[in-house]
Number of protein chains: 2
Amino acid sequence: MDPVTIKDIAHALNLSTSTVSRALRDSYEISPETKRLVMEYAERLNYRPNPIALSLKGSSSKALAVIVPQIANNFFSQAINGIEAIAYNRGYHVIIFQTHESYEREVANVQQAVSRRVDGLLLSLSSETSDVSHLKALIDQGMPLVLFDRVAGELPVTQVVADNFGGAYAATSHLLQTGRRRIAHLTIPPYLSITQERLAGYRAALEQYGVPFDENLVRYGTFGPDEAGPLVDELLALSPPPDAFFTASDRLALGCLGALHKRGVDVPGQVALLSFTNSQSAHLLNPPLSTVTQPAQEIGQLAAERLIELIERKHKSTGPSTMKLPTTLVVRESSRPLPKLVM
Amino acid sequence: MDPVTIKDIAHALNLSTSTVSRALRDSYEISPETKRLVMEYAERLNYRPNPIALSLKGSSSKALAVIVPQIANNFFSQAINGIEAIAYNRGYHVIIFQTHESYEREVANVQQAVSRRVDGLLLSLSSETSDVSHLKALIDQGMPLVLFDRVAGELPVTQVVADNFGGAYAATSHLLQTGRRRIAHLTIPPYLSITQERLAGYRAALEQYGVPFDENLVRYGTFGPDEAGPLVDELLALSPPPDAFFTASDRLALGCLGALHKRGVDVPGQVALLSFTNSQSAHLLNPPLSTVTQPAQEIGQLAAERLIELIERKHKSTGPSTMKLPTTLVVRESSRPLPKLVM
DNA sequence: CCTGAGGTTGCAAACGGTTGCGCTAAGCCG
DNA sequence: CGGCTTAGCGCAACCGTTTGCAACCTCAGG
């Protein structure tokens, strides 16, 4: 029960493969009668062109590569969801790669994607990646590429990101408005563009409110397991200790909340907590968690749309652009205003 | 800067493509000297065989299809994580498809996967799927196939699942032991094997404790948005109302907890809550949620391992088997024993 | 010196499809 | 009625690789 080929049809109808091919593509060179015959027969046999043969011949493989650090992460799985939706509608398939935050695997995955002849790449940098020459090479080859979320500003490619600066600014401002002054920032590895933007937003808000920046209050996580606990301990040991935690990832948020629970710290009485997260259950946590959410699915959709545009009218390159989508601050119990407002 | 082909090497070295091909595959027919030349040159040019040409020619495409209802779901993203890990180690790629719980898309995705000439399929049924003839056809074609999580028992294929019966039995028993007698079961669409197994586990536990089964207490969700609220209302309106909710999915768990919060129902005082979920934050919810977790990543890994075995020694088919992995009951605050135990 | 074997290498077909071009027959015009 | 156009179709090359088989050379044995 092997798949039907063009040859089978040609043979059965006593035609040449070229005629069948043209008939199926509705070429003007083929008589309506012949077309009808071929189409009907192909329909009956449920003929599907072999995409592999197509990609061998032509250039297009109708496949996109998505390279992300981790699938099992709310943000990325939501983004992939958006990517897949767009890709499916436009007739593309999605091949997924995980870098597990490793630079080496990122390079290897890019290689693999290229040799699979994908039509384009969607990539979110691993936290280890500081050298982006592998991507430069891609761009020089003319491979369509769109970066999302964790991008590299210096690369001349289309990038889709959330407004990390704005999100962090809004979050920090909110904490300041609720009376906190010692705001700790638990964040992700410093190489990442998003880390820097969030840090910048955090600093900008501090400055706006005349609160001096204290680098002791900024701690970098590593995506390792159980990393939040020690960081929280270090921060709580400061004097004066922080009165708020602003964290930059799902894992840090949950880890931090868990650590605070375990140490019997009252949230938000003793410290407030506010986090970047795409978790669906922030409102059900104890206490309900104030969050900055990124439009993960929209980011994925937009990135996929841009990429497909790039692929389909490669000539008319509109030039690289960075698209920034707004984040949403949702205030909940974990950052409730302090009873006595200092301001 | 087009990718290097065997022809380029052949031309540069004044050899035929066949010689180069054989040299690269280290064939005994080629002289050591020629091999060395070819290998070195290929190395220098960073030659990578075109996988598309390989798949066209031979049989193997070194790609696996994964078809799941939803990527943005803790269970599935964790499972895919496991799949990808194994696949990567064995040199396979993973192409992801989402059915969005639609039977039509499931069929279309299977078609697409086949025409992409993947070497094998990993599939978790959509909730709409009751007819599995599209999978029967696959099996008849000899396409390696492994079902996981949402399986179809009647199919003669390898299946990897969690012990849903056991998990539900343990969960229900626990609720009974803590003094609950009117245990509602909010579950997913009834076609699914896992739904039936969980229901069976639930009933078995009831029977064990001599509590009559009341079908009014069982409600089926549809994966729609905000479906939990109405179901909770209906159940709370029963007389006597339930004293526990046992839910069968992440979404139902969170939806249910949210609905109970909103209605001011005390958990676990008024009703207990216990859920199947792979959420990472169950212990941080308010109240901390008692859960049955499935070993999602292990299920993915095991399924991928089985599939690759199937692919690589297609001849020695060990016959279909069902592998069942244990679930874990974690008791937390949301199912705290009632103050006055009836038993 | 001829023959045959063994060791190397190249030719060509094949995978499934697309496409430039050539061929045939019919129709049209002068 | 002859030549030209044109519709409709087939031949063959091509994408990159593998592989059966033929071809060639060298050398040893008879």
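Order of the sequence lines fixes the chain letters, A, B, ..., with proteins taken first and strands second; residue numbering starts at 1 for each chain.
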K.L.:
Measure from CD1 on A/I9 to P on D/dG10 and round the result to the nearest Å.
P.N.:
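Interatomic distance, CD1 of A/I9 to P of D/dG10: 14 Å.
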K.L.:
For A/R22 and D/dG8, what is the distance between atoms CZ and P respectively, to the nearest whole Å?
P.N.:
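Nearest whole value for this atom pair: 13 Å.
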K.L.:
For A/R117 and D/dC15, what is the distance between atoms CZ and P respectively, to the nearest whole Å?
P.N.:
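So the CZ-P distance, A/R117 to D/dC15, works out to 13 Å.
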K.L.:
In terms of side-chain heavy atoms of B/T5, which of C/dG10, D/dG16, C/dT9 is nearest?
P.N.:
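When the side chain of B/T5 is considered, D/dG16 is the closest of C/dG10, D/dG16, C/dT9.
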K.L.:
Could you tell me whether A/S21 contacts a base, only the sugar-phosphate backbone, or nothing, with contacts defined as non-hydrogen atoms closer than 4.0 Å?
P.N.:
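Base contact - A/S21 has a heavy atom under 4.0 Å of at least one base atom.
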K.L.:
A/L56 CG to C/dA14 P: how many Å, rounded?
P.N.:
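About 17 Å, once rounded to whole Å.
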K.L.:
Grab the CD-P distance between A/E29 and D/dG10 for me, whole Å please.
P.N.:
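That distance rounds to 12 Å.
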K.L.:
Can you identify which nucleotide, out of C/dG17, D/dT17, C/dC11, has its nearest atom closest to the B/Y47 side chain?
P.N.:
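Closest nucleotide to the B/Y47 side chain: D/dT17.
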K.L.:
Is a donor-acceptor contact shorter than 3.5 angstrom present between the side chain of B/S18 and the base of C/dC11?
P.N.:
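By the distance-only test, yes, there is a pair.
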K.L.:
Between C/dT8, D/dC9, C/dG17, which nucleotide has the shortest distance from any of its atoms to the side chain of A/P49?
P.N.:
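Given the options C/dT8, D/dC9, C/dG17, the side chain of A/P49 is closest to C/dG17.
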K.L.:
Looking at the rings of B/H93 and A/F97, which for Trp means the six-membered one, are their centres under 6.0 Å apart?
P.N.:
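Close enough - the centres of the two rings lie under 6.0 Å apart.
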K.L.:
Test for a donor-acceptor pair under 3.5 Å between the base of C/dG16 and the side chain of A/R48, counting only N and O atoms.
P.N.:
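A donor-acceptor contact between them is absent.
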K.L.:
Find the distance B/I52:CD1 to D/dT17:C1' and express it as a whole number of Å.
P.N.:
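In whole Å, D/dT17 C1' and B/I52 CD1 are 12 Å from each other.
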K.L.:
Would you indicate what B/S55 reaches in the nucleic acid, counting non-hydrogen atoms under 4.0 angstrom: base, sugar-phosphate, or nothing?
P.N.:
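Nothing, no heavy atom under 4.0 Å.
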K.L.:
Give one of base, sugar-phosphate or nothing for B/L15, where a contact means two heavy atoms less than 4.0 Å apart.
P.N.:
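Answer is sugar-phosphate: B/L15 comes under 4.0 Å of backbone atoms only.
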K.L.:
Do B/H134 and B/Y103 have their ring centres less than 6.0 Å from each other?
P.N.:
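Yes - the distance between ring centres of B/H134 and B/Y103 falls below the 6.0 Å cut-off.
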K.L.:
Output the rounded distance in Å from CG (A/L37) to C1' (D/dC9).
P.N.:
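After rounding, the reported distance stands at 14 Å.
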K.L.:
Report the nucleotide, chosen from C/dC15, C/dT18, D/dT19, that has the shortest atom-to-atom distance to any side-chain atom of A/R25.
P.N.:
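Looking only at side-chain atoms, A/R25 lies closest to C/dT18.
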K.L.:
Which part of the nucleic acid, if any, lies within reach of B/N14 when heavy atoms closer than 4.0 Å are counted: base, sugar-phosphate only, or nothing?
P.N.:
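Result for B/N14 = sugar-phosphate.
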K.L.:
Starting the side chain at C-beta, find the nucleotide from C/dT18, C/dT9, D/dC11 nearest to B/T19.
P.N.:
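For B/T19, the side-chain atoms sit closest to C/dT9.
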K.L.:
Which nucleotide, D/dT17, C/dG10, C/dG17, lies nearest any side-chain atom of A/A53?
P.N.:
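Nearest listed nucleotide: C/dG17.
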